[in-house]
Each structure stands twice: as C-alpha cells, then as structure tokens.
Amino acid sequence: YRTMIDVKNYASWYGMVISETDGQYIISNEKNEIRFKPGDRAFFVNDKTFNSDVSPQIVNDCLYIPLRSFAEAMGSVVSWSSEKSCVTID
C-alpha cells in the first residue's frame, strides 16, 4: 500500500498553488515547481526528474499524489510507524 494525498492538502502544506494545462498539473511557489500528469510515474521538481513506484491518480474528481515520493523530492524526511499506522513528515 502507498499513502496517497489530495494534491490540495499537499500544496497547502508547502504554501504552493495548483494549475493545470493540457492534462499536466503544476504545483508551485516562489522556490519550487513540481510538474506531473495523472497516470505517469515520472514527475519533475525544478526540472529534475523523479520516479515514483505509483502514479498520481484521479478518484471521484479528486487528484491524489503519492505522499512519500513527492515529499522526499521536496527534501522532507518521511517515515512510517507500523505500530501506530501513521506517516510522519519532517
């Protein structure tokens, strides 16, 4: 299983705005830009390519992204507590 998060929540945590053009989504702020397409495992942070083991997906008109891959690409440390069934992002 992978923890997926609504892109709106992710963007708000990092102070970013979301835009979409021709099926490509962009999450950005003054320092960073993340570009991706639902269904594609490759994504780009400031033009550097990253790959996730799962792709972003749209479910019930809500866009979800893989939390670990995107958070780590932004320099965050992500850990999982199986005891608590909880994700921690530092």
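The first residue in the sequence is number 1, and the count goes up from there. We use all heavy atoms of the structure for the numbers below, so side chains are in, but hydrogens, waters and symmetry mates are not.
Within the 4.5 Å cutoff, the side chain of Ser69 has heavy atoms near those of the Phe43 side chain. Using a 4.5 Å cut-off on side-chain heavy atoms (C-beta onward), Glu33 and Ile27 make no contact. Side chains of Asp53 and Arg2 form a contact here, defined as non-hydrogen atoms less than 4.5 Å apart.
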Identify every side-chain donor-acceptor pair in residues 7-18 under 3.5 Å, counting partners at least two apart or on other chains, and give the distances.
from, atom 1, to, atom 2, distance (Å)
Tyr10, OH, Phe70, O, 3.0
Ser12, OG, Asn9, O, 2.9
Tyr14, OH, Ser76, OG, 2.7

Compile the donor-acceptor pairs under 3.5 Å between side chains in residues 78-90 and protein atoms, sequence neighbours left out, one pair per line.
from, atom 1, to, atom 2, distance (Å)
Ser81, OG, Lys84, N, 3.1

Exercise answer: donor-acceptor pairs, residues 55-64 side-chain atoms, under 3.5 Å, sequence neighbours excluded:
none

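Residue pairs satisfying the salt bridge (Lys or Arg N to Asp or Glu O under 4.0 Å) criterion with at least one member in residues 66-81, sequence neighbours excluded, are listed as follows: Arg68-Glu72.
Minimum interatomic distance between Pro38 and Gly23 (heavy atoms only, all atoms of both residues): CD-O, 3.6 Å.
Residues Ile5 and Val45 are members of one and the same hydrophobic cluster, defined by side-chain heavy-atom contacts under 4.5 angstrom among Ile, Leu, Val, Met, Phe, Trp and Tyr. Tracing side-chain contacts under 4.5 Å through hydrophobic residues (I, L, V, M, F, W, Y), one never reaches Val54 starting from Leu67; they form parts of separate clusters.
Remark: Gln24 engages no residue in a side-chain hydrogen bond (donor to acceptor under 3.5 Å, both in side chains) (not counting sequence neighbours). Taking the side-chain hydrogen bond (donor to acceptor under 3.5 Å, both in side chains) definition, one finds that Asp6 meets it with nothing, sequence neighbours left out. For Asp22, there are no salt bridge (Lys or Arg N to Asp or Glu O under 4.0 Å) partners two or more places apart in sequence or in a different chain. The side-chain hydrogen bond (donor to acceptor under 3.5 Å, both in side chains) search around Asn32 returns Asn46, not counting sequence neighbours. Every residue two or more places apart in sequence or in another chain that forms a salt bridge (Lys or Arg N to Asp or Glu O under 4.0 Å) with Asp47 is listed here: Arg35.
Other residues sharing the hydrophobic cluster of Val77, ordered by chain and number and joined by side-chain separations under 4.5 Å: none, the residue standing alone.
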